[in-house]
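Below is one structure, written out as structure tokens, with a few remarks after it.
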Amino acid sequence: MPWRETVDPYRIWLSEIILQQTRVAQGLPYYLSFVEAYPTVFDLANAQQEEVLKLWQGLGYYSRARNLHETAQFVANELQGVFPSSYKELLKLKGVGDYTASAIASICYGEVVPVVDGNVYRVLSRYFNIDTPINSTKGIKKFKELASTLIDTKNPANYNQAIMEFGALQCKPQSPYCIICPLNEGCEALKNGTVTSLPVKLKKVKVKNRYFNYLIFNIDGNKTVIQQRTGKGIWQNLYEFPVIESSAKIDIDGITGDQGFMDLMNGMDYEISLYQEEYVIHKLSHQHLYTRFYIVEIQKNPLISEEQKVIHVSTIAQYPVPILLGKFIDRFY
DNA sequence: AATACGGGGAG
DNA sequence: CTCCCAGTATT
């Protein structure tokens with residue numbers, strides 16, 4: 001991995017943010033494009049947030065990108081481009097939690113602080129046969145303390161990366177091949193037959209259904225309308241087409257009768273058609289989005305609100321959008 | 001202590 | 001389908 005070839009705090013920080021809740025295979029190309037686009041923390045700090053979000057597009061958990069940018073500006077402008085040099089100080093950076101602060105401090109500065117990520121939880125819960133839920137307050141404290149007693153004080157960087165890689169490759173979630181495991185003699189879970197039931201995690205989230213009806217305006221054949229998502233919720237600061245969210249499935253009548261739609265049309269002539277009968281079901285970890293697209297043909301600009309804008313379709317690719325819309329745009333334009 | 005926050009890959 | 005990923009911030 002390229003981030004194993006450096007101890008530059010900027011690059012280690014960048015890689016760790018990208019890899020939060022993200023598989024190495026998925027994050028690697030993003031890391032490479034970020035390093036190329038922003039070789040230093042100053043380059044990242046000087047970028048527009050929209051450009052950063054565009055590079056982040058498709059990686060998910062977009063607050064990471066917003067915090068990444070904000071922290072880059074903080075380090076560049078307030079700290080003269082020099083990252084904090086201890087676990088305690090790193091922890092104060094936005095987007096840097098216990099895991100990331102430990103990773104940077106150990107890898108870059110040799111500080112003796114253990115990382116406890118999903119891999120470490122799995123390895124430790126199995127080796128010591130601990131069934132305390134890893135996402136409970138007690139579990140988080142217990143595993144961090146246990147990890148502190150195990151870390152190699154002579155080479156914390158190597159130890160931390162080694163135990164994570166051991167968890168990813170050998171002590172993996174499903175079907176770990178315990179028969180060839182170098183640690184099988186001391187593994188308490190193997191001894192007790194609890195390997196497959198560990199680690200224990202508290203209840204999973206319940207999924208909510210939402211219905212998104214996107215309006216794809218076709219103005220003069222070469223323009224459309226987009227808007228930036230603001231406020232709370234998913235996809236903050238990303239762009240999207242005007243959308244009518246409904247509490248259940250609706251069709252053309254539901255769209256044309258919608259107040260927001262009528263405000264937008266402002267009495268002008270239009271032709272509306274359903275792009276595709278079948279709903280595109282976009283699954284997030286905590287929401288299932290049932291989406292449909294309506295094509296709205298008009299000859300002049302609709303009455304757009306403050307946060308909406310009319311753009312030429314040729315420029316649509318420069319806007320950061322959720323992957324759901326990125327796929328639609330690729331098909332449609 | 002719970003919940004929100006993405007998208008994808010593996011089985 | 002389910003699980004979970006080199007987690008963090010907010011409520």
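Every chain is numbered from 1 and lettered A, B, ... according to where its sequence line falls, protein lines coming before strand lines. These numbers come from the heavy atoms of this one structure, side chains and all, not from hydrogens, waters or symmetry mates.
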Students often get this wrong, so: under 4.0 angstrom with heavy atoms, is [X] touching a base, only sugar-phosphate, or nothing?
X: A:S63; value: nothing
X: A:G27; value: nothing
X: A:K138; value: nothing
X: A:G233; value: sugar-phosphate
X: A:W56; value: nothing

Check A:K191 with A:E188, please: is the shortest side-chain N to carboxylate O separation under 4.0 Å?
yes

Between the side-chain atoms of A:R23 and the base atoms of C:dC4, is any donor-acceptor pair under 3.5 Å?
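When only heavy-atom distances are counted, A:R23 does reach the base of C:dC4 through a donor-acceptor pair under 3.5 Å.
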
base_contact_polar (C:dG7 base, A:T100 side chain, donor-acceptor, <3.5 Å)
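Not at all, since no donor on one side and acceptor on the other fall under 3.5 Å apart.
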
In whole angstrom, give me the gap between the [atom1] atoms of [N] and [M].
N: B:dG9; M: C:dT8; atom1: P; value: 23 Å
N: C:dC4; M: B:dC5; atom1: C1'; value: 15 Å
N: B:dG8; M: C:dA9; atom1: C1'; value: 23 Å
N: B:dG6; M: C:dT11; atom1: P; value: 15 Å

Protein-nucleotide distance ([X], atom [atom1]; [N], atom [atom2]), rounded to Å:
X: A:L284; N: C:dC3; atom1: CG; atom2: P; value: 18 Å
X: A:Q174; N: C:dC5; atom1: CD; atom2: C1'; value: 11 Å
X: A:L90; N: C:dG7; atom1: CG; atom2: P; value: 17 Å
X: A:D117; N: C:dC5; atom1: CG; atom2: P; value: 8 Å
X: A:K144; N: C:dG7; atom1: NZ; atom2: P; value: 13 Å
X: A:I140; N: C:dG7; atom1: CD1; atom2: P; value: 13 Å
X: A:L59; N: C:dG7; atom1: CG; atom2: P; value: 12 Å
X: A:I18; N: B:dG8; atom1: CD1; atom2: C1'; value: 16 Å

If the cut-off is 4.0 Å, is [X] near the phosphate of [N], judged by side-chain N/O to OP1 or OP2?
X: A:W13; N: C:dA6; answer: no
X: A:H286; N: B:dA4; answer: no
X: A:K327; N: B:dG8; answer: yes
X: A:K172; N: C:dC4; answer: no
X: A:R66; N: C:dA9; answer: no
X: A:Q21; N: C:dG7; answer: yes
X: A:K283; N: C:dC1; answer: yes
X: A:Y61; N: B:dA4; answer: no

Between A:T40 (side chain) and A:D43 (backbone), is there a donor-acceptor pair under 3.5 Å?
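Indeed, once roles are kept as given, a pair shorter than 3.5 Å links the two residues.
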
Would you say A:K223 has more than 12 foreign heavy atoms packed within less than 6.0 Å of its NZ?
yes

Choosing from [options], which nucleotide comes nearest the side chain of [X]?
X: A:I234; options: B:dC5, C:dC4, B:dG8; answer: B:dC5
X: A:W235; options: B:dG6, C:dA6, C:dC4; answer: B:dG6
X: A:I323; options: C:dA6, C:dC5, B:dG8; answer: B:dG8
X: A:Y99; options: B:dG7, C:dT8, B:dC5; answer: C:dT8
X: A:K232; options: C:dT11, C:dA9, C:dC4; answer: C:dT11

Does A:Y275 reach the side chain of A:R331, with side-chain heavy atoms less than 4.5 Å apart?
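Yes - at least one pair of side-chain heavy atoms lies under 4.5 Å apart.
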
Is any side-chain heavy atom of A:P302 closer than 4.5 Å to a side-chain heavy atom of A:Q308?
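Not touching, per the 4.5 Å side-chain cut-off.
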
Candidate list A:R66, A:R229, A:Q49, A:Q228, test side-chain hydrogen bond (donor to acceptor under 3.5 Å, both in side chains), partner A:N237, passing option:
A:Q49

Please tell me whether A:Q20 and A:R64 have a donor and an acceptor in their side chains that are separated by less than 3.5 angstrom.
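No.
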
By nearest-heavy-atom nucleotide on DNA chain B, the more 5' of A:H282 and A:S136 is A:S136

Think A:K94 forms a cation-pi with A:F74, using NZ or CZ under 6.0 Å from the six-ring centre and within 45 degrees of its axis?
no

Most 5' of A:M164 and A:H288 on DNA chain C, judged by nearest nucleotide
A:H288

